[in-house]
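Basis for what follows: all heavy atoms, side chains included, without hydrogens, waters or symmetry-related copies.
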Amino acid sequence: MSKSYHRNLLIFFTGICAFCWMLLLIRFTNHASCPVYEPGSPALSAGGYSLCSLKLTGPSFTFHLEPSADPASLSLYVPNDRGCVLTVNGTTFACAPDQEYLICPLSDFVSGTAAADFHVTVTYPHGEDPYFGTKLLYLGSHGRILRLVESGSFQRFFVIGISFTILLYSLSLYAGKPSEKYLLFLALLAYTTSARTLWNALPALKHNPATNLALLGTVDFPGLVYALDYHLSFLVLKFLIAWLRCRLLREFVPVEIGRRPYIRFCAAALPAVLLACFLGHGYYAIQLWMLAVHLLEFYVLIRGGHLPTSLVLSAACGLTVALRLYDVACTLDLVSHGYLEAGLKPQGIMETFYIVAFVAVINLKFARKYYEADLLSLSLEETNRSLEAKVADRTRELSDTIGKLHEVQQQKLEFMTGILHNLKTPLFSLYGYTDMAIDELTDDPSLARKHMQEVNRNADYVRQMIDNLFLCIRLEDGKVQYRPAPFPVSVLLEQLESTSLPKAAAEELTLEICPNAPKVTLNADLLYIRQAIQNIIDNAIRHSPPQSVIRILADTREKEGDCYVCLCVRDHGDGISAQELPLIFSRYYSGGKKGASSSGLGLTIARSIVVQHGGWIEVDSEPGRGTEFRVVLPAEKEERDPETV
C-alpha cells in the first residue's frame with residue numbers, strides 16, 4: 001500500500017474515533033446524571049433522584065409524588081424557554097424578559113412532605129416547529145437546578161472567553177502580518193461564535209435591534225412569523241460560518257471537489273433548505289444541511305494536506321458531527337435529551353471545536369515557520385562563516401593570480417625584449433653583409449656570394465620568426481582551419497627524415513629514424529602535425545652537442561579502450577631544469593635559447609597543434625643528460641589504405 005493510502009486511513013480513523021468518543025461521553029453523561037421518566041412512572045413518584053427529564057407526549061400531563069420524594073424540595077425547570085408558558089395546578093408561570101430559562105418551585109403547591117398531585121400544561125407560542133415545540137422539562141431538587149443554571153452560564157461565558165481570546169489573537173497576528181489572510185477569517189469565525197453565544201446567554205439583548213444584529217441574532221425579515229424568521233436568520237449565520245471554515249481550510253488542505261470548492265455544492269443545496277423552512281420543517285432541513293457540510297469538510301481533510309494539521313481538524317470535525325447528530329436525535333425523540341440540554345448547552349460548544357482546532361493548526365504552521373526560520377538562520381550563519389572562508393581563499397587566489405599576472409607580464413616583457421633583440425641582430429647583419437657584398441661584388445665575387453648567403457640566412461630567420469608569431473596568434477584565437485585526412489605514420493616519419501637530416505648533418509649530429517614504424521593510421525592535418533614535430537626536432541638539434549645522436553621513435557599505446565600513436569624525440573643535449581620544465585610551452589618564456597637561431601615559439605606552436613588534434617605532449621628531462629619529448633596522437637585501430645598524401 002502507498003504512503004498516501006496509509007495517511008488517508010489514519011486521518012479517517014482519527015475523525016471516527018473522535019466521533020465515537022463524543023457519542024459515548026454524551027450517552028454516559030445523559031443516563032448517569034439525568035434519567036428519563038414518563039409523568040406516570042412509579043420511579044418518578046418514589047423519588048430517589050436529584051434530577052430527571054420528563055418525557056412528554058402532549059401539552060398537558062399529571063404526575064404524582066410520594067412523600068419519600070420530598071415534593072417541597074423539588075422544582076420544575078425549562079432550560080430553553082423560547083417563550084413557553086407553564087401552568088401548574090392552575091397557576092401560570094412565564095419567563096422574565098432577561099431570562100432564558102424558567103424555574104417553578106413545587107413548594108408553593110405542597111405542605112411539608114405530604115404526597116401531592118400536579119397537573120401541568122406546557123404551551124409554546126411559536127407553533128409546532130420541532131426546534132421551538134420540543135418540550136424540555138426537568139424535575140429535580142432546587143439546589144441541583146440552580147447549579148445547572150450556574151454551570152450553563154459558566155460554560156457559555158467560557159465559550160465566549162475562548163472565542164474572544166482567539167478573536168484578539170487572530171487580529172493581533174493579522175495586524176502584524178496582513179499577508180496571512182486566513183487570520184482574518186479565523187477572527188471572523190471566532191466573532192460569530194462569541195456573538196451568537198452571548199446572544200443566547202443574555203435574552204435581554206434580543207429586544208434591542210442594534211445589539212440583536214451586532215450579535216448575529218434574528219434578522220426580522222418583514223412579513224414573516226417569528227419561527228420562520230428565526231430559521232432563515234439561523235441559516236444565513238450557518239452558511240456564513242461554513243464559508244469561513246472553507247476559506248480557512250483552503251489554507252491547509254485542497255478544498256476542491258472536481259474543480260470547484262465544496263462550499264459551492266453547499267450553496268447549491270440552499271434553495272431546497274429554504275423551501276423546507278417555508279414548509280415548516282426548517283430545523284430538520286438546516287441540521288441535515290449542516291451535517292452534509294461537515295461530511296464534505298471531512299472528505300477534503302482525508303484527501304490531502306499536512307498530516308498533523310489534517311489529524312487535528314478531522315478530530316474537531318468528528319466531535320462536532322457527534323454532538324450535532326446527538327442533538328438531532330434528541331429532537332427526533334430517538335434518544336433522550338437528559339443532561340445534554342439541561343447543563344451542556346451544545347450549540348456554543350459545537351462551534352468551539354473548530355476554532356480551537358484552527359488555532360492549533362495555525363500554531364503548528366507558525367511553529368514550522370519559526371523552525372524553518374531557525375534553520376535558515378543557522379544556515380545563514382554557516383553560509384556567512386563559509387563565505388568569510390571563501391572570501392579569504394578567494395583573496396589569496398586573487399593575490400596569487402595577481403602575482404602570476406605580474407610574472408606573466410614580466411615574461412612577456414622579457415619575451416618581447418628577446419624578440420626585438422633577435423630581430424635586431426639579423427637586421428644589422430643584413431645591412432652589414434649587404435654593404436660588404438656591394439663592396440666586394442667587383443673585386444672578389446666569391447666573397448660577395450658568401451656575404452649574400454649570410455644575407456639570405458638572416459632574412460630567412462626574420463621570415464620564420466614573423467611566420468611563427470602570426471601562427472601562434474592564430475592558433476590561440478582558434479582561427480587555424482585544419483584539413484584532416486588519413487595517412488600512415490610511416491609517411492610522417494619519411495617527411496620528417498627528409499627535412500631533418502640536412503639540419504642534423506650541418507650541426508655534425510646523427511639522426512636515427514625508427515626503422516619499423518607501427519602500421520597505424522592517423523586522421524589529422526599532415527602539414528601541421530609535421531610542423532609541430534619538426535619544431536621539437538629543431539629544438540633538439542639546437543640543444544644537442546656535436547657528435548651526439550637524436551633518435552625519433554614511434555610506438556602505439558592504449559588508453560581507456562582507445563588507440564594512440566606515440567612519437568618520441570630523444571636527444572642527449574643540455575636538458576631542462578625542473579624549475580624551467582613547466583614553463584617551456586609558455587608563449588612568453590624565452591629562457592635557455594641559443595642566440596638568434598631560435599624564435600622561442602616552436603614548443604608553444606607544437607603543443608597548440610597537438611592539443612587541437614586531440615593529443616598531448618609529455619616531457620622528461622634531466623640537466624646534462626638530455627630531453628625526451630613524446631607526442632601522443634589519437635590513431636585508427638585498423639590500418640586504412642589511404643590515398644597518396
Side-chain angles (χ1 to χ4, degrees), residues 20-82 84 86 88-89 93 100-107 109-110 113-122 130-131 133-155 322-347 349:
C20 296
W21 179 82
M22 178 57 73
L23 285 181
L24 292 174
L25 178 64
I26 296 172
R27 181 72 176 172
F28 173 78
T29 305
N30 267 355
H31 285 274
S33 303
C34 185
V36 180
Y37 299 130
E38 293 185 1
S41 172
L44 176 65
S45 302
Y49 49 83
S50 61
L51 180 69
C52 69
S53 175
L54 299 179
K55 187 175 182 180
L56 307 180
T57 58
S60 299
F61 59 92
T62 300
F63 63 93
H64 175 79
L65 295 176
E66 295 292 335
S68 59
D70 192 11
S73 67
L74 300 177
S75 296
L76 290 172
Y77 172 57
V78 182
N80 293 308
D81 168 68
R82 298 189 184 92
C84 78
L86 183 65
V88 181
N89 293 343
F93 295 87
E100 183 189 14
Y101 57 88
L102 178 61
I103 299 177
C104 174
L106 298 185
S107 59
F109 305 98
V110 297
T113 59
D117 293 318
F118 298 92
H119 181 73
V120 180
T121 302
V122 182
Y131 195 66
T134 301
K135 301 173 179 61
L136 301 177
L137 187 62
Y138 295 85
L139 178 65
S141 65
H142 194 70
R144 177 67 185 277
I145 290 174
L146 290 179
R147 287 195 299 273
L148 282 178
V149 173
E150 291 176 357
S151 65
S153 300
F154 174 78
Q155 172 208 301
L323 198 55
R324 190 174 300 282
L325 193 61
Y326 206 95
D327 190 35
V328 174
C330 290
T331 305
L332 293 172
D333 287 330
L334 299 177
V335 294
S336 60
H337 271 276
Y339 187 74
L340 177 67
E341 197 68 28
L344 192 59
K345 307 297 183 186
Q347 289 299 327
I349 294 179

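When all heavy atoms of Leu106 and Pro71 are compared, the pair lying nearest together is CB-O, 3.6 Å. Here the closest non-hydrogen pair linking Ala72 and Ser107 is O-CB, 3.2 Å. Across every non-hydrogen atom of Ala116 and Val110, the tightest pair is CB-CG1, 3.2 Å.
To the nearest 0.5 Å, atom CG of residue Leu51 and atom CG of residue Leu74 are 10.0 Å apart. Atom CG of residue Leu102 and atom OG of residue Ser75 lie 10.5 Å apart, to the nearest 0.5 angstrom. Put simply, CD1 on Ile103 and NE2 on His142 are 6.0 Å apart, with the number rounded to the nearest 0.5 Å. Taking CG of Leu325 as the reference point, atom CE of Met22 lies at 12.5 Å (rounded to 0.5 Å).
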- Give the C-alpha distance, both sets of side-chain angles, the deciding distance and a yes or no for side-chain contact (heavy atoms from CB on, under 4.5 Å) between Glu38 and Leu44. CA-CA 8 Å; Glu38 293 185 1; Leu44 176 65; over 6 Å; no

- Task: Apply the test side-chain hydrogen bond (donor to acceptor under 3.5 Å, both in side chains) to residues His64 and Ser45: give CA-CA distance (whole Å), side-chain angles for both, the deciding distance (0.1 Å), then the verdict.
- Result: CA-CA 5 Å; His64 175 79; Ser45 302; 5.6 Å; no

- Would Val120 and Thr62 satisfy side-chain contact (heavy atoms from CB on, under 4.5 Å), going step by step from the backbone distance to the final call? CA-CA 6 Å; Val120 180; Thr62 300; over 6 Å; no

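Counting heavy atoms from C-beta on, the side chains of Phe109 and Cys104 come closer than 4.5 Å. A heavy-atom distance below 4.5 Å is not found between the side chains of Leu23 and Leu323. Within the 4.5 Å cutoff, no side-chain heavy atoms of Thr121 are placed close to those of Leu86. Between Tyr138 and Leu76, every side-chain heavy-atom pair lies at or beyond the 4.5 Å cut-off. No side-chain heavy atom of Asp117 sits under 4.5 Å from any side-chain heavy atom of Phe63.
A donor-acceptor distance shorter than 3.5 angstrom exists from the side chain of Ser153 to the backbone of Val149, with no hydrogens or angles considered.
Scored by the side-chain hydrogen bond (donor to acceptor under 3.5 Å, both in side chains) test, Ser141 finds no partners at all (sequence neighbours excluded). Residues meeting the ring pair (Phe, Tyr, Trp, His ring centres under 6.0 Å) test with Phe61, sequence neighbours left out: none.
Taking the six-membered ring for Trp and thresholds of 30 and 60 degrees, Tyr101 and Tyr77 have ring planes inclined between 30 and 60 degrees apart.
For the side chain to side chain donor-acceptor pair (under 3.5 Å) condition, the pairs that include at least one residue of residues 46-55, sequence neighbours left out, are Ser50-Arg144.
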